[in-house]
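All figures in this text were calculated on a predicted structure; none of them were measured in a lab.
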Amino acid sequence: MKEIKSFVKNNTKESLLFVVCVLGFILMSVLSPKAFLGAANLSSIMSQMPEFGIMALAMMIVVLTGGINLSLTYVASLSGISMAIVMSKLNENGEPAAQCILLAVLAGILIAVVCGLINGFLVAYIHVAPILATLGTQILFEGVGQNITRGSAISGFPEVFSKIGEIKIIGIPIPMMIFIGLAIITYFVYEKSPWGVRLHMLGSNIKAVEYSGINTKKMIIQVYIISGVVCWFASFVMMARYNSMKVDYGSSYMLQSILAVVMGGTSIAGGYGKVGGTILAVLTLQIISSGLNIFGLNRFFTDIIMGLLLILVLSLNYFYSQFSNKRLIEKEKN
Amino acid sequence: MNKKVLSTMLTVCMGATILGGVCAAAEGEQKTVAIIPKIIGNPYFNAAEVGAKRAGEENGFEVIYSGPTDADATQQYNMVEDFIAQGVDAISIAPNDAAGLTPALKKAKEAGIAVMDWDSAAEKDVVDYSLSQVDLEELGVVIFKELFESIGKEEGTYAILTGGLEAENLNVWIEAGMKWAEENYPGMKLVTDKIPTNEKQQEAYSKTLDLMKAYPDLDGIVAGSTPAPVGAGQAIQELGLQDQVSIVGTGMPKDCKEYLMDGSVDVAVLWDIYREGYTAAYLAWMDANGEEIVDGTEIPGYGPIRVLEDGKSIIMGEPLLITAENVDEFDY
């Protein structure tokens, strides 16, 4: 019990979120017991969560530096479109599937890195505020994507590729494994590595970090490139799921990923954030979204509920921090 | 967390599971039909909802009418998955993008659910039946014909506004209309590729303003998807160009009334939307019951539907012309 108590004490935001998540799960189960607790629902949650979760992780790294990445979803769709074009063209010419996919993956990662470079350069060297820089690049990437595809979807991928979305290893579909893998990697990189520590410091006080001799410009560029590459994973998962790629696939994930990141306890000013929190938030939002869909609630209400949930979690965090500060002060007094 | 809290939580969980069992046992034999429109909160699809719900009430089956808040295929995809989890008997969907939804619809078929499309076509081999409200090629010809007759010239320029670029139904009738236009009005030139407005009136409005800035001598606009003629009409009314520019499109009577009256929109071409919703729900229910739908099948209260040679494509009825004279006859 002592260990749990101290864990909760050190991770109050995340523990509160865990309680909210469990309550949400219970509520949805009570509302539509047969459907929500059924295998089909579990399967659909496991297939809807990865792309959203990966986007949230991509957003998180930028928010940790005190910035924001509004171009997230269009980096994903642009790198996805380049993947789709390469894959479908090579497939048309009868190249073997493995080659199509490999070259497409390289093309996609390349574009994601370029997009990240542009973002990072604007923020680090031209000193544009992240929100403005990524707003601009969002429109830029969307425009390029629209121009290339003229708004239509690209399909025609090798058969093997569409199977990727369906194959299960020990019962877990590949997209979910990618998400879990990324979650573990980002956990170690963001929280347990020296670079991760510097990342948190950067978000806390960038001037102090500069004066300690760390090349902040380089770090910022690295951050945006990593964000871009994580987005690429999301587009890969989306392509496998929808078996096609279009400029606006996933465009609704931008605001949702900000919601998940903030709900997960990451400070929007930067400097604090736990991967576990973000993942819990993604899980909570997914449970609520699926649960309400099954219950048959109008989607507009689902949006309202997500908003209210965000306010609830933020308020709980605020009140708890006020409460614990008070206790601290009283303790000092005695 | 102490023992008290832990045990309370576990009791609640137990209670929930028991409750679940009771609810499951209490379910009836009524079939459930899920109808997914392109978007909700739009007068067209709201009218279809009325028709669909009525079909359920009159014939004894449950209708769940639920759609995305944006004309977004990915949201629809998630909804199909959630309906499969819910265990509905039939899914009838108006896809925003046929290719993107195919994997989800395949899963629905594998789960034993009857799958149909309405308003706009999905990929042929994943649906049991495909409902079009009117013969789309006929619709395209009627709309383009009305536009050119309204413009009244042999030579001129026109533009096309559409809804979502991937929407099959819009693309089919626009293609058919353009082909007919090339053969019958070769002097009429299309100024630019068709412009998407994503089923949003505000976008149609701003895109029309942009259009008039780029092509100030434009003679006419074909406006596809129901919010488009309203938005375009609003723009033309604001610019005061009713006499110069003709607009013909698939508009809802009530929304277009103001613009039909002052000539911003010349003709709206539509069909009975309540009937469309009713037919979509009714046919999905028939499919869920395993009944075959053939040419001449009667829809209660409306009349027979046509089934084309492929056995899958169903046509509901004929296009209706709505003008300033008859606009008051409709209540949607």
Side-chain angles (χ1 to χ4, degrees), chain A residues 1 4-5 8 15 19 22-23 25-27 29-30 32-45 47-48 51 146 149-156 162 165-166 238 240-246 248-253 289-300 302-303, chain B residues 1-3 9 12-13 15-25 27 32 34 39-41 62 64-75 77-88 96-104 106-107 111 162 164-166 171 193-196 198:
Chain A
M1 266 309 150
I4 298 182
K5 240 193 168 171
V8 170
S15 309
V19 173
V22 170
L23 284 176
F25 186 84
I26 294 176
L27 182 65
S29 309
V30 168
S32 340
K34 198 173 83 165
F36 188 75
L37 298 170
N41 184 42
L42 188 63
S43 152
S44 75
I45 287 183
S47 92
Q48 292 174 27
E51 54 198 60
Q146 283 275 16
T149 60
R150 304 231 146 258
S152 38
I154 305 181
S155 44
S162 58
E166 295 164 29
M238 279 198 280
R241 204 167 155 230
Y242 303 120
N243 214 25
S244 57
M245 196 45 168
K246 201 172 149 203
D248 53 11
Y249 278 174
S251 52
S252 55
Y253 288 130
S289 169
S290 285
L292 290 178
N293 248 353
I294 290 182
F295 183 60
L297 196 64
N298 188 319
R299 284 215 68 89
F300 287 129
T302 310
D303 289 344
Chain B
M1 226 186 302
N2 58 20
K3 280 199 190 145
M9 282 185 67
V12 174
C13 289
T17 347
I18 295 173
L19 201 66
V22 169
C23 284
E27 256 174 42
T32 320
I39 187 174
I40 49 168
E62 192 190 340
I64 305 177
Y65 190 91
S66 188
T69 50
D70 288 302
D72 179 8
T74 58
Q75 275 191 51
Y77 191 105
N78 290 342
M79 295 178 81
V80 171
E81 281 190 330
D82 292 336
F83 280 133
I84 297 174
Q86 204 177 350
V88 297
N96 285 306
D97 176 12
L101 283 164
T102 303
K106 259 206 206 136
K107 280 194 231 180
T162 183
L165 281 173
E166 282 307 300
N171 291 343
D193 287 335
K194 61 183 185 245
I195 301 167
N198 296 310

Separation between [atom1] of [X] and [atom2] of [Y], rounded to the nearest 0.5 Å:
{"X": "A:S289", "Y": "B:N78", "atom1": "OG", "atom2": "CG", "result": "7.0 Å"}
{"X": "A:D248", "Y": "B:N198", "atom1": "CG", "atom2": "CG", "result": "7.0 Å"}
{"X": "A:N243", "Y": "B:K106", "atom1": "CG", "atom2": "NZ", "result": "7.5 Å"}

Exercise. Are A:Y242 and B:D97 linked by a side-chain donor-acceptor pair shorter than 3.5 Å?
Worked result: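 Per modelled atom types, A:Y242 and B:D97 side chains form no pair under 3.5 Å.
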Exercise. If you count heavy-atom pairs under 4.5 Å between each of A:S15, A:S155, A:A153 and chain B, which one has the most?
Worked result: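 If we count pairs closer than 4.5 Å to chain B, A:A153 comes out on top.
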Exercise. In terms of heavy-atom pairs under 4.5 Å, which option from A:K246, A:M238, A:M245 contacts chain B the most?
Worked result: A:K246
Exercise. Hey, which of B:L165, B:T102, B:L101 has the most heavy atom pairs under 4.5 Å with chain A?
Worked result: B:L165
Search all heavy atoms of [X] against all heavy atoms of [Y] and return the closest pair with its distance.
{"X": "A:S244", "Y": "B:A99", "value": "OG-C, 4.2 Å"}
{"X": "A:S47", "Y": "B:E81", "value": "OG-OE2, 2.8 Å"}
{"X": "A:N293", "Y": "B:Q86", "value": "O-OE1, 4.2 Å"}

Problem set entry | Per-residue contact mode, B:D193 against chain A (heavy atom under 4.5 angstrom) | side chain
For this session: Go through the atoms of B:P196 and report whether side chain, backbone, both or neither lie under 4.5 Å from a heavy atom of chain A.
Result: neither
Exercise. Quick one: what part of A:S44 sits under 4.5 Å from any heavy atom of chain B, side chain, backbone, both or neither?
Worked result: both
Exercise. So what's closer than 4.5 Å to chain B heavy atoms on A:S32: side chain, backbone, both or neither?
Worked result: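 For A:S32, neither part sits under 4.5 Å from chain B.
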For this session: Would you mind reporting whether A:Y253 and B:T74 have side-chain heavy atoms less than 4.5 Å apart?
Result: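 A side-chain contact under 4.5 Å is absent here.
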